Amino acid sequence: MSLITDIQKYSIHDGDGIRTTVFFKGCHLKCTWCHNPETQSYTKELLFDEEKCIGCGNCVPVCPTGAITLKDGKAVTDRTKCTACGDCVDACYLNLREIAGKEYSVDELVKLLRKDEMFYEESGGGVTLSGGEVMTVDIDYLEALVKKLHRLGIPVTIDTCGQAPYENYERILPYVDTFLYDIKQMDTEIHKQYMGTGNELILSNLEKLNQTGTKLYIRIPVVKEVNGNDEAMKAMIDYLQEKKINANKVNLLPYHNTGSGKYLKIGKCYEGDDLHAPSNEEMKHFVELFQEAGFHNVKIGG
């Protein structure tokens, strides 16, 4: 079993056509601007909107570990005691609590995904497996899932940051149609600063995948302070050209902070307040840099 935080239907941004995107829990990167911080940990977590709490106290007596107390008219959760059992979720009549992470068997998940087969067929879509980092979940589970989808004729796209053992990619490669592959920075020290680890494994995996001839869509989250400048963009272009990466598409994804509100809900602080998206003019300029270098299928967003 692997933990899943969300199943998003009718998605048009995570691959071709209309898709169902499955968000798995757990990632080895810790990107400063992560839009889905509830997918970083590999274990279940409590999300709690404390600001809207009215202090009714319904959640206090049901907590089996005594993790919840009332303070200044609000429920306060000691996360060192919380086991994410979910008892408090049912007790909160304002629905301010939820558990991030649900287990599905392969058969249960496939049954859900097949409900939208008609949309996949009509639009050229399929299923996208995302995260977190799906390539770091239980590889036996993942292989069984993509094999079953492949046998059913449902196209599979993997959305990956590349920070995973290459052996995992080899296991599922015969059953995957497309990889959405993130590149964030060529400078490994800057990569460590904003993503929590170097980029050596990420680049190595991309080069190995490229040699297999699999379909690759390169995705670049563009953050002004991290890579939103000519130097960083040209370094990525030079790398893709030097390594002869067969990028079927290049998607430049402008930074946004829509996930920042989730951090407080899981008891963390958002550290990306000083980050910004490049202007529309700057984004168009970055597209032109790629096009001038011979990359023709380049777009903002996607």
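Being a predicted model, the structure only gives us computed values, none of them experimental.
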Q: I would like to know whether Asp187 and His191 meet side chain to side chain contact (heavy atoms under 4.5 Å, CB included); could you show each step before the answer?
A: CA-CA 6 Å; Asp187 186 302; His191 203 279; over 6 Å; no
Check whether any side-chain heavy atom of [X] lies under 4.5 Å from a side-chain heavy atom of [Y], and answer yes or no.
X	Y	value
Tyr104	Val22	no
Ile220	Asn251	no
Thr128	Thr20	no
Met233	Phe286	yes
Tyr120	Leu113	yes
Arg171	Asp140	yes
Ile4	Leu109	yes
Gln241	Asp238	yes

Heavy-atom closest contact ([X] atom, [Y] atom, distance):
X	Y	answer
Leu145	Val106	CA-CG1, 3.9 Å
Cys269	Tyr263	O-CD2, 3.7 Å
Ala84	Leu46	CB-N, 4.4 Å
Thr83	Thr65	CG2-CG2, 4.0 Å
Pro254	Ile300	CG-CG2, 3.8 Å
Leu203	Tyr239	O-OH, 3.3 Å

Working to the nearest 0.5 Å, report the span between [atom1] of [X] and [atom2] of [Y].
X	Y	atom1	atom2	result
Leu240	Leu216	CG	CG	10.0 Å
Glu117	Leu152	CD	CG	6.0 Å
Thr21	Leu180	OG1	CG	9.0 Å
Glu292	Glu288	CD	CD	6.5 Å
Glu242	Glu207	CD	CD	8.5 Å
Asn248	Asn297	CG	CG	8.0 Å

Q) Taking only residues at least two apart or on different chains, which pairs with a member in residues 46-64 satisfy salt bridge (charged side-chain N to carboxylate O under 4.0 Å, His left out)? A) Asp49-Lys52
Q) Which of parallel (below 30°), tilted (30 to 60°) and perpendicular (above 60°) describes Tyr42 and His28? A) tilted
Q) Under 30°, 30 to 60°, or over 60°: which ring-plane class applies to Tyr194 and Trp33, parallel, tilted or perpendicular? A) tilted
Hydrogens and angles aside, do [X] and [Y] bring a side-chain donor and acceptor to less than 3.5 Å of each other?
X	Y	value
Thr188	Glu200	yes
Asp230	His285	yes
Thr80	Asp78	yes
Asn36	Lys262	yes
His13	Ser11	no
His276	Glu225	yes
Asn257	Tyr270	no

Within a radius of less than 6.0 Å around [atom1] of [X], do more than 12 heavy atoms belonging to other residues, nucleotides or ligands occur?
X	atom1	answer
Lys268	NZ	yes
Leu94	CG	yes
Lys102	NZ	no
Glu282	CD	yes

Q: Tell me, with the steps shown, if Phe24 and Leu129 meet side chain to side chain contact (heavy atoms under 4.5 Å, CB included).
A: CA-CA 7 Å; Phe24 285 82; Leu129 306 179; 4.0 Å; yes
Donor-acceptor contact below 3.5 Å, side chain [X] vs main chain [Y]:
X	Y	answer
Asn229	Lys224	no
Thr39	Gly132	yes
Arg97	Cys59	no
Asn168	Ile139	no
Lys74	Gly55	no
Asn227	Val223	yes
Thr77	Arg79	no

Q. Hey, mind stepping through Lys184 and Asp182 against salt bridge (charged side-chain N to carboxylate O under 4.0 Å, His left out) and telling me if it holds?
A. CA-CA 6 Å; Lys184 300 180 176 77; Asp182 285 4; 3.4 Å; yes
Q: Before giving the answer on salt bridge (charged side-chain N to carboxylate O under 4.0 Å, His left out), spell out for Glu38 and Lys265 the whole-Å C-alpha distance, their side-chain angles and the decisive distance to 0.1 Å.
A: CA-CA 9 Å; Glu38 75 282 7; Lys265 291 183 179 182; over 6 Å; no
**Q.** Check against side chain to side chain contact (heavy atoms under 4.5 Å, CB included), Lys215 and Val176
**A.** CA-CA 9 Å; Lys215 189 188 295 183; Val176 174; over 6 Å; no
Q. Mind checking whether Tyr217 and Tyr181 have ring centres under 6.0 Å apart?
A.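 Here the rings of Tyr181 and Tyr217 have centres that are no less than 6.0 Å from each other.
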Q. What residues form a side-chain contact (heavy atoms from CB on, under 4.5 Å) with Asp90, not counting sequence neighbours?
A. none
Q. Got a salt bridge between Glu189 and Lys192, using NZ or NE/NH1/NH2 to carboxylate O under 4.0 Å?
A. yes
Q. Under a 4.0 Å N-O cut-off, is there an ion pair linking Lys9 with Asp116?
A.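 Counted as a salt bridge, because a side-chain N and a carboxylate O are separated by less than 4.0 Å.
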Q | Cluster check Val137, Tyr175: I/L/V/M/F/W/Y, side chain < 4.5 angstrom | A |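 The answer is yes; both residues are in one hydrophobic cluster.
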Q. Between Asp6 and Lys25, is a salt bridge (charged side-chain N to carboxylate O under 4.0 Å, His left out) present by the stated rule, with each step listed?
A. CA-CA 9 Å; Asp6 193 18; Lys25 205 168 185 329; over 6 Å; no
(Q) Go through it in stages, so that I can follow the logic: the residues are Cys53 and Phe48, the test is side chain to side chain contact (heavy atoms under 4.5 Å, CB included), and I'd like the CA-CA distance, side-chain angles, deciding distance and then a yes or no. (A) CA-CA 9 Å; Cys53 177; Phe48 172 42; 3.8 Å; yes
**Q.** side chain to side chain donor-acceptor pair (under 3.5 Å) contacts in which one or both residues fall within residues 154-166, not counting sequence neighbours
**A.** Arg19-Thr157, Ser130-Asp159, Glu133-Thr160, Thr160-Tyr169
